[in-house]
Every structure is written in C-alpha cells, then in structure tokens.
Amino acid sequence: MGGVPVDRARRVNEMMEPTAALIGGVAQVLQVDAATISPDTVLEGLGWDSVAVLSTIAFIDEHYGITVSGEELSRCATIRDISGLIARS
Amino acid sequence: MPATACLIQDRLGLGTGCGALDFNQGCSGYVYGLSLAKGLIEGGMARRVLLLTGETYSKHLHCADRTVRTIFGDGASATVIRAVESDRDLLGPFVLGTDGRGARQLVVRAGAFRLPAAVSHGSEPCEAGGARSCGHLYMNGPEIFTFTLKTIPGLVRRLLAEASLSIEDVDFFVFHQANRFMLERLRDKIGIPVERFCINLETYGNTVSATIPMAIEAAIAAGQMKPGQRIMAVGFGVGYSWGACLLTAPGELTK
C-alpha cells in the first residue's frame with residue numbers, strides 16, 4: 001500500500017538535468033515523439049493544457065513518489081522547469 | 001429559505017413530529033450525512049433517518065465552460081438509516097477532515113453577502129477557449145487532483161487502522177465518483193484491487209454528493225455488491241472536505 005518511496009538520488013539527479021525518463025513521460029503526455037523535444041522546448045503550443053498537467057501530476061506521482069502542486073506545474077514553461085519543481089517539491 | 005428539508009417533509013406526507021434540516025457539503029456530503037444519522041440514532045434523538053442528497057450542478061455551469069461541463073451531472077439519492085440491535089458496528093467508524101485553504105479551487109464565488117447573486121456578473125474568457133462568470137462553478141482540476149493524491153491514501157489508511165482492518169478485509173471500495181482518471185490513479189496508489197473498486201461514471205458523470213449512493217445502488221443492481229458486505233465509502237472535494245466510513249451493504253441490515 002502507498003506510493004513509490006522517494007528516490008533521493010534520482011531527485012538530486014533531476015536537479016542537475018532532466019532525465020530521459022522525465023522527457024519521455026512528458027512526451028507521452030503530450031503525444032509527441034520524445035526525440036522532437038528537449039529540456040528547453042516551450043510546452044505551450046504543444047497541448048500543455050489542464051489535462052496534460054493532470055497527466056503529468058500522475059506521471060510524477062507514480063514515477064518519483066512526489067505529488068507536485070497543480071498550480072506550480074501549470075506555471076512550468078519547459079521540462080527543465082518541471083525538473084526544478086520536482087527537485088524542490 | 002425555507003430549508004428544502006421542510007418542503008420535502010410536506011411533499012412526502014411525513015408527520016410533523018420529524019425533525020428536518022438541510023446541510024450543504026458537496027462531494028463529501030454523503031459520508032457526512034451518514035455520520036450525522038449515526039450520531040442522531042446512537043444519541044437517542046432518532047430511530048429512523050431519511051438522508052437525501054440532491055445536486056443540480058448544471059445550474060452552476062456556464063454553457064461555454066468546457067472544463068466543467070464534461071464532468072458534472074445532476075443526481076439525487078435517498079437512504080434510510082434505521083436503528084437496529086447489533087453486536088457489531090454496521091455503520092462506522094468514521095474519519096472526517098477539512099482544509100478550507102482549498103476553498104477557492106472549487107467554488108461558485110457569487111451568491112452570498114459579499115458578492116450577492118442578485119447582481120449580474122459579466123462573463124469573462126477562461127481556459128480552453130471558454131467563458132464563465134463569478135456566478136458560475138470554477139474548478140482548478142490539477143490542484144484538486146494534487147489534493148486528492150496527497151490526502152485520500154492517508155485517509156483510507158487511517159480508517160483501516162481505526163477499524164483494525166486491512167484492504168483485504170473490505171469487500172468493496174466506493175469512492176466519490178469524481179472522474180475516471182483520478183479514481184484509477186488513487187486506486188493504484190492505494191493498492192486496491194480493480195475488481196473491488198467501484199467506477200460508475202458513464203451514465204450520470206460526477207453528481208457530487210449523490211455519486212456514492214448511486215454507485216452503491218448500481219453495484220447492487222449489477223450483482224457486484226452483495227447485501228451484508230463490508231463497504232468503504234470515501235467522499236472528498238469541495239471545501240476542501242473529506243470523510244470516509246465503513247458501512248454494511250444494504251439489503252440485509254439486521255443481525
């Protein structure tokens with residue numbers, strides 16, 4: 001029962017550079033090819049709407065055991081921003 | 001005014017000796033209603049309680065606001081809770097909670113003294129190319145989702161601990177039917193088996209305080225839930241407000 005235990009090492013790593021797993025997760029949420037986006041791709045215009053934010057909350061919760069704020073995630077412009085949010089959540 | 005409960009007492013032809021009151025709780029309302037009924041019965045103030053939930057959220061939705069129109073439906077339920085002699089608890093324990101910091105995340109802002117409904121409120125553009133006014137329902141979906149992921153697994157664990165039970169001891173979990181995406185994520189996070197977790201949204205959508213009794217009724221009608229089974233009901237949402245309890249599936253209440 002309960003969520004995935006927080007993987008500290010993975011969190012620290014996220015702070016340095018968004019991982020391929022995070023980029024892949026966001027790409028899947030946005031239904032785009034992961035090879036076409038980078039940590040600094042601007043998400044707006046790629047379908048970064050409230051449904052995408054919901055799906056990303058679920059992905060981060062499942063993958064990292066961290067529940068990020070919906071409001072803060074909505075304000076993230078790039079995957080690097082999301083990575084920073086995970087690191088400080 | 002007057003309280004809707006007073007109008008219903010008359011329309012149902014109930015005697016003038018019965019008390020009647022309204023309470024306004026939203027998504028957690030059914031569990032709160034059951035807790036009030038239990039308190040009234042065990043406190044000796046009532047032998048039978050008729051708990052009614054009725055929601056017409058359609059009146060709160062702006063026709064151009066797609067963020068909420070696709071989720072909510074209107075619905076109502078009636079539940080009779082009556083006193084029976086029993087050597088075990090047929091209703092309860094209860095775990096309740098509130099966090100009013102979330103009030104602005106799911107709200108109709110106009111309608112009370114500070115912002116009267118009688119004043120006309122102009123519509124403004126909102127998300128997804130829609131529109132709403134402060135007299136219409138606003139829901140911050142992502143923030144509500146975060147709240148439930150943070151709160152509901154702990155609520156379920158607390159109730160199980162309170163009752164000295166584990167997930168395996170509960171026959172059926174009936175959560176407030178918020179939306180399928182949220183329910184499936186909560187189910188997996190808590191570790192509830194798919195076959196013991198109720199999802200009942202396709203016909204009526206999210207009917208707020210009516211979802212839990214409507215889902216119980218549908219599960220009984222479909223033969224998924226048997227009379228006498230141990231059910232966990234979990235309500236959560238607008239407020240923020242939440243509550244969970246154990247109850248015995250209706251149909252075989254004595255013993």
Side-chain angles (χ1 to χ4, degrees), chain A residues 1-8 10-11 14 21-22 24-32 42-89, chain B residues 65-71 99 101-102 104-106 126-130 132 138-161 165-170 173 178-193 196-197 232 240:
Chain A
M1 198 165 80
V4 180
V6 175
D7 183 342
R8 293 266 159 203
R10 191 155 52 180
R11 283 180 67 178
E14 286 300 336
L22 180 60
V26 175
Q28 201 178 357
V29 163
L30 296 174
Q31 297 174 331
V32 298
V42 175
L43 299 172
E44 198 186 343
L46 291 178
W48 184 241
D49 58 13
S50 65
V51 175
V53 171
L54 274 178
S55 303
T56 306
I57 293 170
F59 171 78
I60 294 170
D61 189 65
E62 194 171 355
H63 196 76
Y64 300 94
I66 297 167
T67 312
V68 297
S69 150
E71 277 188 344
E72 286 188 60
L73 186 60
S74 304
R75 285 198 294 269
C76 288
T78 64
I79 297 177
R80 194 178 298 283
D81 293 343
I82 298 173
S83 192
L85 174 63
I86 294 170
R88 64 176 186 274
S89 291
Chain B
D65 187 354
R66 290 189 294 147
T67 68
V68 288
R69 281 200 66 182
T70 49
I71 291 175
D99 185 356
R101 287 174 298 180
R104 67 190 170 89
Q105 308 295 3
L106 182 47
C126 71
E127 308 82 10
R132 80 172 76 83
Y138 163 71
M139 182 174 76
N140 184 338
E143 206 51 47
I144 303 279
F145 185 44
T146 300
F147 148 68
T148 59
L149 286 176
K150 282 186 171 168
T151 309
I152 305 311
L155 173 65
V156 170
R157 280 195 296 273
R158 270 197 59 201
L159 179 61
L160 288 171
L165 296 173
S166 66
I167 284 183
E168 292 66 45
D169 300 317
V170 178
F173 292 83
N179 62 76
R180 177 180 285 272
F181 182 81
M182 182 189 283
L183 287 175
E184 290 181 343
R185 183 65 203 120
L186 285 172
R187 178 195 68 200
D188 293 347
K189 185 168 184 176
I190 297 166
I192 300 169
R196 284 191 276 138
F197 189 81
M232 183 188 289
Y240 301 139

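The analysis underlying the following values was restricted to heavy atoms, covering all of them including side chains, and did not include hydrogens, waters or symmetry mates. The chains referred to below are lettered A, B, ... by the order of the sequence lines, with proteins before strands, and numbering in each begins at 1.
Between B:Thr67 atom OG1 and A:Asp49 atom CG the span is 11.0 Å, to the nearest 0.5 Å. The structure places CG of A:Asp61 at 10.0 Å from NZ of B:Lys150, a figure rounded to the nearest 0.5 Å.
Highest contact tally toward chain B, considering only A:Thr56, A:Val68, A:Leu54, is held by A:Leu54 [criterion: heavy-atom pairs under 4.5 Å].
Atom CZ of B:Arg196 has more than 12 heavy atoms from other residues, nucleotides or ligands within 6.0 Å. Within 6.0 Å of the CZ atom in B:Arg66, the count of heavy atoms belonging to other residues, nucleotides or ligands does not exceed 12. Enclosure of atom CD in A:Gln28 is not indicated, since only 12 or fewer non-hydrogen atoms of other residues, nucleotides or ligands lie within 6.0 angstrom.
Nearest heavy-atom pair, A:Ala58 versus B:Phe181, reported as atom, atom and distance to 0.1 Å: CB-CZ, 3.7 Å. Minimum heavy-atom separation, B:Arg185 to A:Glu62: NH2-CA, 3.3 Å.
Residues B:Glu143 and A:Ser69 have side chains in contact (heavy-atom distance under 4.5 Å, counting atoms from C-beta outward). In this structure, A:Thr67 and B:Lys189 have side chains that are in contact, with non-hydrogen atoms separated by less than 4.5 Å.
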